[in-house]
Amino acid sequence: MFQFPGGYVEKVLISSCLMGARVRYDGKSKTLENQLLATWRAEGRLISLCPEMAAGLPTPRAPAEIAPGATAQAVLRGRGAVYDKDGLDMTADFVNGANLALEVAKENGCRFALLTDGSPSCGSSRVYSGDFNGQTHQGEGVVAARLRAAGVRVFAQHQLNDLARALEEAENSGQ
């Protein structure tokens with residue numbers, strides 16, 4: 001939280017691809033055009049980060065998924081893995097990205113995050129199956145799991161209005 005004249009304003013960690021950065025595995029963005037984001041950007045409350053790029057992964061790169069049957073929590077505990085489509089073990093990179101995301105969130109006082117759903121890093125409600133067949137299932141990515149475990153409230157891009165309500169409640173309560 002930081003103070004503006006008139007009160008506190010929460011900062012939000014946001015996936016860079018949602019802000020228009022071409023950082024996704026396919027070299028594209030997933031730009032989220034919305035007046036709320038434009039306002040938050042103008043207020044300086046958005047902290048943009050691509051955990052995969054922060055961990056040193058290139059763009060473009062082969063798509064990666066959490067291994068079938070594993071969860072993000074298992075990956076973080078060393079009992080699960082993330083593989084790219086070619087079978088390369090990417091686990092260390094994804095765990096490193098999650099740790100860097102948490103570090104950035106802490107450094108900037110971000111108690112909220114808006115992340116790209118479906119991603120093995122940023123998925124907050126759905127992730128791909130691990131079979132590279134285009135199917136998703138309920139679950140979360142490694143970054144979302146790491147942030148939630150540290151008390152950061154994580155939202156997907158389709159939950160923007162829920163995030164806005166949560167920010168308003170937090171700011172009105174002064175917490």
Side-chain angles (χ1 to χ4, degrees), residues 1-25 28-57 59 66 71-77 93-128 136-175:
M1 243 179 343
F2 62 101
Q3 181 140 13
F4 268 141
Y8 286 98
V9 177
E10 294 281 348
K11 288 192 177 183
V12 178
L13 183 70
I14 185 170
S15 296
S16 294
C17 63
L18 296 176
M19 298 296 294
R22 299 173 59 96
V23 294
R24 290 173 45 86
Y25 74 92
K28 297 180 182 176
S29 69
K30 194 167 189 149
T31 307
L32 183 58
E33 298 287 343
N34 185 284
Q35 185 56 48
L36 280 171
L37 285 182
T39 299
W40 295 343
R41 178 184 273 183
E43 293 172 348
R45 74 165 68 212
L46 298 178
I47 306 300
S48 180
L49 177 77
C50 174
E52 295 169 22
M53 294 289 292
L57 294 177
T59 297
I66 296 172
T71 65
Q73 294 86 0
V75 171
L76 290 168
R77 289 191 308 266
D93 296 304
F94 279 77
V95 170
N96 185 30
N99 292 335
L100 291 168
L102 179 57
E103 184 178 309
V104 168
K106 285 181 176 180
E107 287 173 357
N108 289 280
C110 298
R111 299 188 307 155
F112 298 87
L114 183 64
L115 305 178
T116 307
D117 217 11
S119 161
S121 287
C122 296
S124 63
S125 66
R126 303 203 65 72
V127 292
Y128 284 91
T136 64
H137 61 83
Q138 187 174 4
E140 63 186 347
V142 181
V143 171
R146 175 68 83 215
L147 292 174
R148 281 185 173 137
V152 176
R153 293 184 59 192
V154 177
F155 296 82
Q157 70 269 24
H158 56 83
Q159 298 173 311
L160 192 57
N161 290 330
D162 296 333
L163 172 57
R165 281 189 293 278
L167 289 170
E168 185 176 345
E169 288 172 10
E171 291 166 0
N172 289 338
S173 71
Q175 294 182 2

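We're numbering straight along the sequence, starting at 1.
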Item checked: Neighbour count >12 (heavy atoms, 6.0 Å) for atom CZ, F112 -> yes
* For atom CD of E107, decide whether the heavy atoms of other residues, nucleotides or ligands shown that lie under 6.0 angstrom number more than 12. => yes
Going from [atom1] on [X] to [atom2] on [Y], what distance comes out if it is rounded to the nearest 0.5 angstrom?
X: E168; Y: L163; atom1: CD; atom2: CG; result: 11.5 Å
X: Q157; Y: N34; atom1: CD; atom2: CG; result: 11.5 Å
X: L114; Y: I47; atom1: CG; atom2: CD1; result: 13.0 Å
X: L37; Y: M19; atom1: CG; atom2: CE; result: 6.5 Å
X: N172; Y: R165; atom1: CG; atom2: CZ; result: 14.0 Å
X: T71; Y: L76; atom1: OG1; atom2: CG; result: 8.5 Å

Just by modelled atom types, is the [Y] backbone N or O under 3.5 Å from a matching donor or acceptor in the [X] side chain?
X: S15; Y: C17; value: no
X: R148; Y: S124; value: yes
X: R45; Y: E10; value: yes
X: N108; Y: C110; value: no
X: S16; Y: L49; value: yes

Taking the side chain as every heavy atom from C-beta outward, state whether [X] and [Y] have any atom pair closer than 4.5 Å.
X: Q73; Y: E140; result: yes
X: H137; Y: V127; result: yes
X: V12; Y: F155; result: no
X: I66; Y: V75; result: yes
X: R146; Y: V95; result: yes
X: V23; Y: E52; result: no
X: R24; Y: T59; result: no
X: L57; Y: F94; result: yes

Set out, in order, the CA-CA distance, both residues' side-chain angles and the distance that settles side-chain contact (heavy atoms from CB on, under 4.5 Å) for L167 and W40, then state yes or no.
CA-CA 11 Å; L167 289 170; W40 295 343; 3.5 Å; yes
Nearest heavy-atom pair of [X] and [Y]: which atoms, and what distance?
X: A105; Y: L147; answer: CB-CD2, 4.1 Å
X: A72; Y: A145; answer: CB-CB, 3.7 Å
X: L36; Y: A164; answer: CD1-CB, 3.8 Å
X: G44; Y: K11; answer: O-CE, 4.3 Å

